[in-house]
Amino acid sequence: MTLAGRRVVLGVSGGIACYKACTIARRLTEMRVAVDVVLTRAAAEFVGPITFEALTHRPVLTSLWQRGAALAHVESGQNADLIILAPATANLIARAAQGIADDVLSALLMARTAPVLIAPAMNDEMFAHTATKQNLQVLRDGGWAIVGPDIGPLAEGASDRPGRMSEPEVIVAEAERMIRGADGKWRGKHVTVTAGPTREAIDPVRVITNRSSGRMGFALAEAAYARGADVTLIAGPTALPLPHGVKAIVVDATSELEEAVRNALPDTDVLIMAAAPADFRPTLRAGSKLPRGEGALEITLEPTADVLQATRDKRKQGSLSIGFALETSDGVRHAREKLDRKALDMIVLNMANEPGAGFEVETNAVTIVTASNTTSIPQMPKREVADRLLEAAEELF
Ligand code: CTP
């Protein structure tokens, strides 16, 4: 999920949330973004420029009078892919809205041509103030994007009103969506991703399930959101936190997954079936917990629905359907057979016996099979595999 070659200005104004701006700088740098940090004087009181310089490996701008950076306040905001203001105090928001350019950051904002993402952070009274509301409206009308603020503890104590800056992960996710989504390829596209296992009840406390962790599907949902799509994630039981920005529907049994997919399909432009539905369920579900007893317990299983097959008639015309295939031998042949049988545009082949691929691991190694092509993707983190899969899907639009 590299954003190599992209440039971001991170404008930091003076509030206690400055310490979280360090995480934003670090995370973007890890994504190979060139991050130019610009501090107001108040921000530098909270976190010094050396901290940001060490995190970004780049000089930090703190003043209009900095030697060697005479034009930086103009050039940085014109050459960047995005300007992030985090934290944005009431004072910075007011100066930006009113066109006051009395320090390096506010001057940069007046001269900028790059898009801006604002992450307000302030006391709840300050955020509720009419002046702040009006100033934010001016900026919103000018096309600036706003993330947060959240409701949550403020430096001065608990609050049930917004003021707290959004978490760094959320700000980075929104920033990535603005940068990657700028090409418009996924904008307005409805992507439905299914993820994780399903489970079938034996009795009120016991289930049959499989080892799917949900990671591949969650990574796909995250990656599709980052490209600008509207994402619905239909997830079976997993231990993973729901990704930011997606509409999540949590299901349990294969029949619930089937119903959720059926409901989503008429609006879905791209369906990605990364879930590992349980293929069998007990013929009878005991109403109360089965006693241990003495001898063996026999459970008769019946097949569940093949969700892809059963919901085929609900697919929107012109939409793309992508499936996964988990195989142990003769993978490409079986995958191609599933591509036809399930009427898919693309199938992602996982070999179950390959180390570092498939269930319960952070990485994957897959082969993309379409009607005309077979492409191998070597082992890499699941989020990177997700990006490769979406790039391959783009070619089928
Ligand atoms: N799938 C589905 N409904 C099921 C089982 C699987 O829609 N009940 C979907 C999976 O989400 C995946 C694709 O079908 O996208 C292929 O899954 P896989 O388990 O490889 O294939 P099966 O159809 O279960 O076939 P088999 O077990 O015979 O390999």
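Start at 1 with the first residue, then count along the sequence. First listed ligand is number 1; within each ligand, the first listed atom is number 1. Both backbone and side-chain heavy atoms feed into the values below; hydrogens, waters and symmetry mates do not. Quick caveat: nothing in here was measured; it's all calculated off a predicted structure.
- Checked against a 3.5 angstrom limit, the closest N/O atoms of F324 and ligand 1 fall inside it.
- By the side chain to side chain donor-acceptor pair (under 3.5 Å) test, N350 is found to be paired with N364, residues two or more places apart in sequence or in another chain being considered.
- Within the 4.0 angstrom cut-off, atom 19 (O) of ligand 1 has no protein heavy-atom neighbours.
- Residue R341 has no nitrogen or oxygen atom sitting less than 3.5 Å from a nitrogen or oxygen atom of ligand 1, judged on distance alone.
- Using a 3.5 Å distance cut-off with no hydrogens or angles, the side chains of T40 and D103 do not pair a donor with an acceptor.
- Those atoms of ligand 1 with a heavy atom of G323 less than 4.0 angstrom away are 15 (O).
- Distances below 4.0 Å separate heavy atoms of D306 from the following atoms of ligand 1: 2 (C), 3 (N), 4 (C), 7 (O), 8 (N), 23 (O).
- The closest non-hydrogen atom to atom 5 (C) of ligand 1, taken over T328, N210, D279, comes from D279.
- When heavy-atom distances to ligand 1 are checked against a 4.0 Å cut-off, A276 has no atom that comes that close, whether in backbone or side chain.
- Not a single heavy atom of A274 sits under 4.0 Å from any atom of ligand 1.
- Looking at E174 and H244, their side chains do bring a donor and an acceptor atom within 3.5 Å of each other.
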### salt bridge (charged side-chain N to carboxylate O under 4.0 Å, His left out) assessment of R227 paired with D183
CA-CA 9 Å; R227 284 177 143 71; D183 66 14; over 6 Å; no
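- Here's the thing with P277: none of its N/O atoms is less than 3.5 angstrom from an N/O atom of ligand 1.
- In K338, the part holding a heavy atom less than 4.0 Å from any atom of ligand 1 is the side chain.
- With respect to atom 8 (N) of ligand 1, the closest heavy atom belonging to the protein is A305 O, 2.9 Å.
- Of the protein's non-hydrogen atoms, K342 NZ, 2.8 Å is the one closest to atom 14 (O) of ligand 1.
- Between A275 and ligand 1, at least one N/O pair is under 3.5 Å apart.
- Inclusion of A278 in the set of residues having an N or O under 3.5 Å from an N or O of ligand 1 is not warranted.
- For the residue pair T283/T300, the side-chain donor-acceptor check at 3.5 Å is not satisfied.
- Put simply, the residue from I322, N373, V369 that forms a side chain to side chain contact (heavy atoms under 4.5 Å, CB included) with M346 is I322.
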### Task
Given ring-ring contact (aromatic ring centres under 6.0 Å, His included), test W186 with Y225 step by step and report yes or no.
CA-CA 9 Å; W186 292 79; Y225 185 77; over 10 Å; no
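- If you check which protein heavy atom lies closest to atom 7 (O) of ligand 1, you get L308 N, 2.9 Å.
- In terms of modelled atom types and a separation under 3.5 Å, the side chain of T238 and the main chain of G214 share no donor-acceptor contact.
- Residue contacts with ligand 1: A325 is placed with no nitrogen or oxygen under 3.5 Å of a nitrogen or oxygen of the ligand (distance criterion only).
- Under 3.5 Å, the side chains of T254 and E200 contain a donor-acceptor pair of N or O atoms.
- In this structure, the protein non-hydrogen atom closest to atom 3 (N) of ligand 1 is V307 N, 2.9 Å.
- D102 is linked by a side-chain contact (heavy atoms from CB on, under 4.5 Å) to R95, I100, S106, counting only residues two or more places apart in sequence or in another chain.
- Side chains of S76 and R7: no donor on one and acceptor on the other come within 3.5 Å.
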